[in-house]
Q: 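Please see the structure below; I have some questions.
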Amino acid sequence: MNRNKQKNVLKILIVVVMIGLIGGFVYVFIFNTPSNQAQQAVEEFYKYEQEGAFAESWDMFHPYMKERFEKGKYLEDRPHVFLNHFGVNTFTFTIDDTKQVRDWQMEEDAEPIDEVYKITVTQYFQGIYGNFEIVQDVYATLQDDEWTILWDYKKSETNEDPEKIR
């Protein structure tokens, strides 16, 4: 190979390496943000639920949630409520924007979690009682390098006293 061809190959190699580095930088710092990772975890959780893989969705719960739901009870109750009571086979869902929340508590007396991501999930059902949707704020946080799922159990103005919302 002559010297000019070697220089051209070296230039092409440098360009390819630079493109790879820029692509890696874009992925790590733009697409692979904690916010996007939290959103992906919530999506994975609801895909498991959608498929009826409730053991896998339960495994994604934060330890606080696992304290709240014994695995066997969750595996029994979750499909019973959604499939039997609602008369549905599955559901579709959408995920809205992700918002970072600091010092969040699952319930009033719970230990605060330093950083969670709030993601609104809307589940759409077609069942024996017609078409309906459930909208729920879901929270994701990193626990031991794994994304975990939490639900909110704090009392709010609308769920404290039924007389207030009539």
Q: Is the count of non-hydrogen atoms from other residues, nucleotides or ligands lying under 6.0 Å from E146 atom CD greater than 12?
A: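 Count not over threshold, so no.
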Q: Kindly indicate whether the side chain of P63, heavy atoms from C-beta on, has any atom under 4.5 Å from the side chain of Q143.
A: yes
Q: Under 3.5 Å, side chain of T141 to main-chain N/O of E115, donor-acceptor pair present?
A: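 Such a contact is found between T141 side chain and E115 backbone.
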Q: Y64 vs L150, test: side-chain contact (heavy atoms from CB on, under 4.5 Å). Steps then yes/no.
A: CA-CA 8 Å; Y64 290 170; L150 297 124; 4.2 Å; yes
Q: Can you tell me how far CG of L142 sits from NE2 of H62, rounded to the nearest 0.5 angstrom?
A: 10.0 Å
Q: Determine, for K71 against E76, whether the closest basic-nitrogen to carboxylate-oxygen distance falls under 4.0 angstrom.
A: no
Q: For F54 and L75, which heavy atoms make the closest approach, and how far apart are they?
A: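 Closest approach of F54 to L75, heavy atoms only: C-CD2, 3.3 Å.
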Q: Under a 4.0 Å N-O cut-off, is there an ion pair linking E108 with K154?
A: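 No, no charged N to carboxylate O under 4.0 Å.
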Q: Nearest 0.5 angstrom please: W147 CH2 to Q39 CD, how far?
A: 11.0 Å
Q: Using the side-chain contact (heavy atoms from CB on, under 4.5 Å) rule, take F69 and D77 through it: C-alpha gap first, then chi angles, then the decisive distance, then the call.
A: CA-CA 10 Å; F69 295 106; D77 280 355; over 6 Å; no
Q: Should the pair Y74 and W151 be assigned to parallel (<30°), tilted (30 to 60°) or perpendicular (>60°) ring geometry?
A: tilted
Q: I need the full list of salt bridge (Lys or Arg N to Asp or Glu O under 4.0 Å) pairs touching residues 91-100, with sequence neighbours left out, sorted by first then second residue.
A: none
Q: Closest heavy-atom contact between S57 and E49?
A: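 The pair with the smallest heavy-atom distance is OG-OE2, 2.5 Å.
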Q: Hey, could you give me the CZ/OH distance between F91 and Y46, rounded to the nearest 0.5 Å?
A: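 Spacing of CZ (F91) from OH (Y46) equals 7.5 Å.
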Q: Side-chain polar contacts of residues 118-133 - donor-acceptor pairs under 3.5 angstrom, sequence neighbours left out - could you list them?
A:
{"residue": "T120", "atom": "OG1", "partner": "D137", "partner atom": "OD1", "Å": "2.6"}
{"residue": "Y124", "atom": "OH", "partner": "T94", "partner atom": "OG1", "Å": "3.4"}

Q: Output every pair passing salt bridge (Lys or Arg N to Asp or Glu O under 4.0 Å) with a member in residues 36-46, not counting sequence neighbours, ordered by first then second residue.
A: E43-K47
Q: For D103, I'd like to know if atom CG has over 12 heavy atoms of other residues, nucleotides or ligands within 6.0 Å.
A: yes
Q: Is any side-chain heavy atom of M106 closer than 4.5 Å to a side-chain heavy atom of E67?
A: no
Q: Taking the six-membered ring for Trp and the single ring otherwise, decide whether the centroids of W104 and Y117 are under 6.0 Å apart.
A: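 So the answer is no for these two rings.
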Q: Could you please spell out the steps behind the side-chain contact (heavy atoms from CB on, under 4.5 Å) verdict for Q50 and F93?
A: CA-CA 9 Å; Q50 190 178 50; F93 66 94; 3.8 Å; yes
Q: Minimum heavy-atom separation for A41 to M60, with atom names?
A: O-CE, 3.3 Å
Q: To check you understand the geometry: which heavy-atom pair defines the closest contact between Q105 and A110, and what is its length?
A: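 Nearest pair, atom of Q105 first, then A110: NE2-O, 2.7 Å.
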Q: Give the cluster check for I149 versus V135: same hydrophobic cluster or not, with ILVMFWY residues linked at side-chain heavy-atom distances below 4.5 Å.
A: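 They do not share one cluster, since no chain of ILVMFWY contacts under 4.5 Å joins I149 to V135.
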Q: For the pair V42 and T98, evaluate side-chain contact (heavy atoms from CB on, under 4.5 Å) and give the outcome as yes or no after the intermediate values.
A: CA-CA 10 Å; V42 169; T98 304; over 6 Å; no
Q: Would you compute the distance between atom OH of Y139 and atom OG1 of T148 and round it to the nearest 0.5 angstrom?
A: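 Nearest 0.5 Å value for the OH-OG1 distance: 14.0 Å.
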Q: How close do W58 and E70 get, heavy atom to heavy atom, and via which atoms?
A: NE1-C, 4.1 Å
